[in-house]
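Worksheet: the structure to be examined is printed underneath.
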Amino acid sequence: MFITKYKVTAPEVIEEFISTLEYDSTKVLVKVDMMAICKADIRYYLGNREKSVLDRKYPLAPIHEAVGIVVKDPTKTFAPGDKVILVPNSINYKKCKKCYFDR
């Protein structure tokens with residue numbers, strides 16, 4: 001399966017990356033319908049951060065807020081066609097024993 005990613009590689013520069021996706025048969029596969037660009041994404045695109053921060057962030061794949069439709073779910077938690085909200089920045093603390101954040 002091929003996927004297209006768009007990454008901010010420098011201020012006001014977006015590059016397209018095409019790669020293959022190795023489908024993990026234990027994960028839910030979602031077709032993204034809509035995405036949102038937040039204020040932080042815009043700041044990185046415009047280069048409105050300190051150079052030291054930008055140097056650590058680029059290349060940056062913006063858009064961490066999205067909704068989509070379930071294509072496959074081997075766990076049977078969702079049915080094909082279910083509408084879902086994608087939250088990739090959430091952490092399952094029960095599975096991630098090394099994740100330490102102030103909550």
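Both backbone and side-chain heavy atoms feed into the values below; hydrogens, waters and symmetry mates do not. One-based numbering along the sequence shown.
Residues K27 and P74 share a closest heavy-atom pair of O-CD, 3.4 Å. Across T9 and E15, no two heavy atoms sit closer than the pair OG1-OE2, 2.9 Å. The nearest pair of heavy atoms linking Y58 to Y44 is OH-O, 2.6 Å. Minimum interatomic distance between V28 and F78 (heavy atoms only, all atoms of both residues): CG2-CD1, 4.1 Å. Of all heavy-atom pairs spanning V32 and A66, the tightest one is CG1-CB, 4.1 Å. When all heavy atoms of G81 and I69 are compared, the pair lying nearest together is CA-CG2, 3.5 Å.
Using a 4.5 Å heavy-atom threshold, the side chains of P62 and I37 count as separate. Side-chain contact between L46 and E12 is present, with at least one heavy-atom pair separated by less than 4.5 Å. Side-chain atoms of C38 and E65, non-hydrogen and from C-beta on, do get closer than 4.5 Å to each other.
The environment of I42 atom CD1 is dense: over 12 non-hydrogen atoms of other residues, nucleotides or ligands sit within 6.0 angstrom. Counted within 6.0 Å of NZ on K7, heavy atoms from surrounding residues, nucleotides or ligands total more than 12; the atom is thus considered enclosed.
Tracing side-chain contacts under 4.5 Å through hydrophobic residues (I, L, V, M, F, W, Y), one reaches V53 starting from Y45; they form part of the same cluster. Linking ILVMFWY residues whenever their side-chain heavy atoms come closer than 4.5 Å, directly or via other members, places L86 and M35 in the same cluster.
Note that CD of E50 is 8.5 Å distant from CZ of R56, once rounded to the nearest 0.5 Å. Taking OH from Y6 and CG from L60, the interatomic distance works out to 15.5 Å, rounded to the nearest 0.5 Å.
With sequence neighbours excluded, the residues satisfying side-chain hydrogen bond (donor to acceptor under 3.5 Å, both in side chains) with K51 are D55.
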